[in-house]
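Worksheet for the structure shown next.
Numbers here simply count residues along the sequence, with the first being 1. Scope of the values below: all heavy atoms of this structure, side chains included, with no hydrogens, waters or symmetry mates.
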Amino acid sequence: MSKLWGGRFTKQTDRLVEEYTASITFDKELAEEDIEGSLAHAAMLGKQGIISAEDAEAIREGLLKVRSKIRKGEIEFSIADEDIHMNIEKHLIEEIGPVGGKLHTGRSRNDQVATDMHLYLRRRVVEIVDQLHKLQSALIEQAKANTDTIVPGYTHLQRAQPILFAHHLMAYVSMFGRDAERLMDSYKRINVLPLGAGALAGTTFPIDRHFVAEQLGFDRVYENSLDAVSDRDFIVEFLAHASLIMMHLSRLSEELILWSSTEFRFVELDDAFCTGSSIMPQKKNPDVPELVRGKTGRVYGHLVGLLTVLKSLPLAYNKDMQEDKEGMFDTVRTLQGALQLFERMIATMTVNKDRMREAVNQDFSNATDIADFLVGKGMPFRQAHEVIGKTVLYCIRNGKFLLDLTLDEFKQFSQLFDESIYDVLKPETVVNARDVYGGTAKPQVLAAIERAEQELERTAAWVAAHGESE
């Protein structure tokens, strides 16, 4: 039989079965991780005397040759060999002869593939934290450039209160900061070694799992062999975190789409991140944020898909679990692409400060401050709320804004108004009146930027400590 496991079988595998069950078309992405894990496993087999030192060295040299050929694109993977593990093992045997068959001593494809995915996701998480760091940095730089830029703040997509544009951008810095925190916390659950669990029950060979863990940089080994080969919590957790990041990117996408429209004209996205229309030459479409907004559902789907695959599986490994990889790979590609694009798009975005100021001057978002003014004069808040409601209605009916009213017009609603109301209603006054921790006043925003930059330094240190040099 041509299969490495074919001794028990009397018939060749049906070609349709091979094509349907093979995973090599997508798990070839784990080639580097598979060889990395195999190098550590072979070293352990030699150290423990399970295979001779000569055989261990031959396997090591063979694996390095196979890896070199893979990197050069000189190896063609075969569906007949099912998956990345068996493809690599077959090429190893072709390189060094039957001794290559000793590599699989003391392990199963079940603990092997789990190890590969831990290694893969460990690298990707560090990369994504680094990309989040870069996006946060781009947002902070835009915030620094707009600490005097006032823009309408919205609730229900209706103008609510004026805020600093920097304050708005810093809200996303906070969101992506939580995303980075979640990923950094998940690392400790990713960085656990399954290898040595065998198919499900461990192995009869005197292996040293902790030696392998040390060789591969894992902090711990799985305590239970059944759990080691069947656990995909770390992938579900990653997909959940990725979904949250995509949700945050989608919210920012929606705002960029609105802000760059003719109706808003708050920002202009660089031409390099927009496209045109095949029929309408005047169009400049925000395709990048639109597509990221659309791809958010794709990532959500991968999360729900894997949860559904796992929900009824008995211990330990089942073939269903082959469905854990494609969604993970696609999520990594989708997320990393979105983060890279957003970093550059935010960094090159032009802010239309004059248009934002014009919008602030032509709304009633300073109305709350009149109520606060009256409360400061001794009027109960509920009564002040009613007074300002009537004042706004008067402005709407007469085509005016609050700063357009004369003092006499103000006084017809309350005798508590005086000349100081005009200073109270200035956008700068309104913004800087919110001088509380986390508020939109300029001193608070500057302090928030400083704190965020300090947090980014800690994130950068984490990435440097957990990144892997090639």
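In E74, the CD atom is crowded: over 12 heavy atoms of neighbouring residues, nucleotides or ligands sit closer than 6.0 Å. Residue E223 qualifies as open at atom CD: its count of foreign heavy atoms under 6.0 Å is 12 or below. Shown here is R189, whose CZ atom has more than 12 heavy atoms of other residues, nucleotides or ligands within 6.0 Å. For K319, the NZ atom counts as densely surrounded, since its 6.0 Å shell holds more than 12 non-hydrogen atoms of other residues, nucleotides or ligands. Around atom CZ of R344, no more than 12 heavy atoms belonging to other residues, nucleotides or ligands sit under 6.0 Å away.
Ionic pairing of D179 and R182 is present here: one or more N-O contacts between side-chain nitrogen and carboxylate oxygen are shorter than 4.0 angstrom. A salt bridge is absent between E94 and K69; no separation between the charged side-chain nitrogens and carboxylate oxygens falls under 4.0 Å.
Atoms CE and CZ, from M246 and R251 in turn, are 14.5 Å apart once rounded to the nearest 0.5 Å. H91 contributes atom NE2, which lies 10.0 Å from atom CD1 of I35 (distance to the nearest 0.5 angstrom). One finds the CZ atom of F176 at 11.5 Å from the CG atom of L244 (value rounded to the nearest 0.5 Å). Annotation: the span from L310 atom CG to D233 atom CG amounts to 8.0 Å, rounded to 0.5 Å. Here the CG atom belonging to L63 is positioned 5.0 Å from the CG atom belonging to L39, to the nearest 0.5 angstrom.
Annotation: ring-ring contact (aromatic ring centres under 6.0 Å, His included) contacts of F205 (sequence neighbours excluded): none. With sequence neighbours excluded, no residue satisfies salt bridge (Lys or Arg N to Asp or Glu O under 4.0 Å) with D34. Residues satisfying the side chain to side chain contact (heavy atoms under 4.5 Å, CB included) criterion with K144, sequence neighbours excluded, are I140, E141, I449, E453. Among residues two or more places apart in sequence or in another chain, the ring-ring contact (aromatic ring centres under 6.0 Å, His included) test is passed with F364 by F401. A search for ring-ring contact (aromatic ring centres under 6.0 Å, His included) contacts involving H168 returns W259, not counting sequence neighbours. Contacts of K284 classified as salt bridge (Lys or Arg N to Asp or Glu O under 4.0 Å), with partners at least two apart in sequence or in another chain: E268, D271. Residues passing the ring-ring contact (aromatic ring centres under 6.0 Å, His included) test with Y222, sequence neighbours excluded: H118. Evaluation of the salt bridge (Lys or Arg N to Asp or Glu O under 4.0 Å) rule for R451 yields no partner, not counting sequence neighbours.
Residue pairs that meet the side-chain hydrogen bond (donor to acceptor under 3.5 Å, both in side chains) test with at least one member in residues 155-165, sequence neighbours left out, are Q161-T368. Within the structure, side-chain hydrogen bond (donor to acceptor under 3.5 Å, both in side chains) pairs that include any residue of residues 202-217 comprise K47-D208 (at least two apart or interchain). Residue pairs meeting the side-chain hydrogen bond (donor to acceptor under 3.5 Å, both in side chains) criterion with at least one partner in residues 323-332, sequence neighbours excluded, are R232-D324, R298-D330, H302-D330. Applying the side-chain hydrogen bond (donor to acceptor under 3.5 Å, both in side chains) rule to pairs touching residues 304-316 yields nothing, sequence neighbours excluded.
Under a 3.5 Å cut-off, the side chain of D111 and the backbone N or O of V229 do not form any donor-acceptor pair.
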Take R458 and E181, measure what salt bridge (Lys or Arg N to Asp or Glu O under 4.0 Å) needs, and give me the verdict at the end.
CA-CA 11 Å; R458 289 188 284 271; E181 286 177 8; over 6 Å; no
Given side-chain contact (heavy atoms from CB on, under 4.5 Å), test K353 with R357 step by step and report yes or no.
CA-CA 6 Å; K353 300 181 181 183; R357 182 56 183 253; over 6 Å; no
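Taking the six-membered ring where the residue is Trp, H466 and Y187 present perpendicular rings, their angle passing 60° and hence far from 30°.
Test E468, E127, E33 against R122 for salt bridge (charged side-chain N to carboxylate O under 4.0 Å, His left out) and you get one pass: E468. Under the side chain to side chain donor-acceptor pair (under 3.5 Å) test applied with R109, the options H104, H85, E82 reduce to a single match, E82.
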